[in-house]
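Structure first, commentary second.
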Amino acid sequence: MDLHLAGKRAIVTGGSRGIGRAIARALLDEGVRVVIAARDGAEVGRTAVALAGASGGDVYGLGVDTRDDASVDAFVAAAVERLGGIDIVVNAAARPGAIPDVPGIAGVGSAYILEEIDTKLVGYLRVARAAAPHLVANGWGRIINISGLAARTTGTIPGSVRNVAVAALTKSLADELGPKGINVTVVHPGATRTERTAAIVAARAAADGLSIAAAETALYGNSLIGRIVEAEEVAAIVAFLASPRSVAINGDAIAAGGGQPRAIYY
């Protein structure tokens, strides 16, 4: 299927690694010109060089701290200058899952949860706010927010709260921007294979005396597909949502975790 993405211009925050990097590669493979961004300017620059070499596409790396208004505004302005405009925004700059050992309300430090919300929720808002005028000027655009399936389950208060909040932000943006030609969606990945996954699996294998395969199944085998989802599989969903083909989807949440048993969402 031709996604009609060739020549579009995208920014991908959190693009130096993990799901963000996989999304950048998927967009590049569709002919999108991409600016990736992360806090570590040197790392994101190296990632851009690697992506350009692997894809042959047009990709730039810029540093940004999405917790800071001025940094985000400068980043978006620089991206517009590099690309000549913006059509697609992918927000993926966030900690890859709240720490798993928060023991309930007594263990949720105020500073910790405020940082989670500032980074993910307010960070995504800052980027969308800075980019929206450019999308409105185009009369067409896409904003895709990468959240997480913690929005649909309990586990840790920070993990659930930040992801539910991103879904609410997404719907508010869609209601405002949809009539102006801009579709806004949220993707909820579940457990996803990224650079950090191998270390988590190895630690579980060592702790429980399991093989790597058995440890991965123990950690991530409870989805309907029985395995961890690959970052590239999440990226393929995002590439579709970034395309003109996705016009019928606006303001909605898309789960990308391999399917949760017994749960019904309607």
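Values in this document were obtained by computation on a predicted structure and should not be read as measured data.
- In this structure Arg193 satisfies the salt bridge (charged side-chain N to carboxylate O under 4.0 Å, His left out) test together with Glu216, Glu230, sequence neighbours excluded.
- In terms of heavy-atom proximity, Ala92 sits nearest to Tyr124 at CA-OH, 3.5 Å.
- The side-chain heavy atoms of Ile19 and Pro189, taken from C-beta on, include a pair separated by under 4.5 Å.
- The shortest side-chain heavy-atom distance between Ile23 and Ile146 falls under the 4.5 Å cut-off.
- Shown here are the salt bridge (charged side-chain N to carboxylate O under 4.0 Å, His left out) partners of Glu176, two or more places apart in sequence or in another chain: there are none.
- Hydrophobic clustering (ILVMFWY, side-chain heavy atoms < 4.5 Å, transitive): Val238 and Val127 are in one cluster.
- Here Asp29 pairs with Arg25 under the side chain to side chain donor-acceptor pair (under 3.5 Å) rule; sequence neighbours left out.
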Give every donor-acceptor pair under 3.5 Å between a side-chain atom in residues 164-174 and any protein atom, sequence neighbours left out.
| from | atom 1 | to | atom 2 | distance (Å) |
| --- | --- | --- | --- | --- |
| Thr170 | OG1 | Asn145 | ND2 | 2.9 |
| Thr170 | OG1 | Val166 | O | 2.8 |
| Lys171 | NZ | Asp175 | OD1 | 2.5 |
| Lys171 | NZ | Asp175 | OD2 | 3.3 |
| Ser172 | OG | Ala168 | O | 3.2 |

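- With sequence neighbours excluded, the residues satisfying salt bridge (charged side-chain N to carboxylate O under 4.0 Å, His left out) with Glu233 are Arg227.
- By the side chain to side chain donor-acceptor pair (under 3.5 Å) test, Glu43 is found to be paired with Arg17, residues two or more places apart in sequence or in another chain being considered.
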Could you check Ile144 against Ile88 for side-chain contact (heavy atoms from CB on, under 4.5 Å), going step by step and ending with a plain yes or no? CA-CA 8 Å; Ile144 302 106; Ile88 299 159; 4.2 Å; yes
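- Salt bridge present: Arg33 and Asp58 bring a charged side-chain N and a carboxylate O closer than 4.0 Å.
- Thr194 contributes no side-chain N or O that, together with a main-chain N or O of Gly18, makes up a donor-acceptor pair within less than 3.5 Å.
- The side chain to side chain donor-acceptor pair (under 3.5 Å) test applied to Ser246 returns Arg142, not counting sequence neighbours.
- Applying the salt bridge (Lys or Arg N to Asp or Glu O under 4.0 Å) test to residues at least two apart or on different chains, the pairs with a partner in residues 121-138 are Asp69-Arg126, Asp69-Arg129, Asp118-Arg126.
- Cluster partners of Ile212 are Ile200, Val201, Leu219, Tyr220, Ile228, counting Ile, Leu, Val, Met, Phe, Trp and Tyr whose side-chain heavy atoms approach within less than 4.5 Å, directly or via other members.
- Shortest non-hydrogen contact noted between Ala214 and Leu210 is CB-CB, 4.1 Å.
- Under the side chain to side chain donor-acceptor pair (under 3.5 Å) criterion, Asp65 pairs with Arg67, sequence neighbours left out.
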Under the criterion side-chain contact (heavy atoms from CB on, under 4.5 Å), I'd like the reasoning laid out for Ile113 against Ile117: C-alpha separation, chi angles, the key distance, then a yes or no. CA-CA 6 Å; Ile113 195 168; Ile117 291 170; 4.2 Å; yes
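- One hydrophobic cluster, built from ILVMFWY side chains closer than 4.5 Å, cannot hold both Tyr265 and Ile225; they sit in different ones.
- For Ala248, the side chain to side chain contact (heavy atoms under 4.5 Å, CB included) criterion is met by no residue, not counting sequence neighbours.
- Contacts of Asp252 classified as salt bridge (charged side-chain N to carboxylate O under 4.0 Å, His left out), with partners at least two apart in sequence or in another chain: none.
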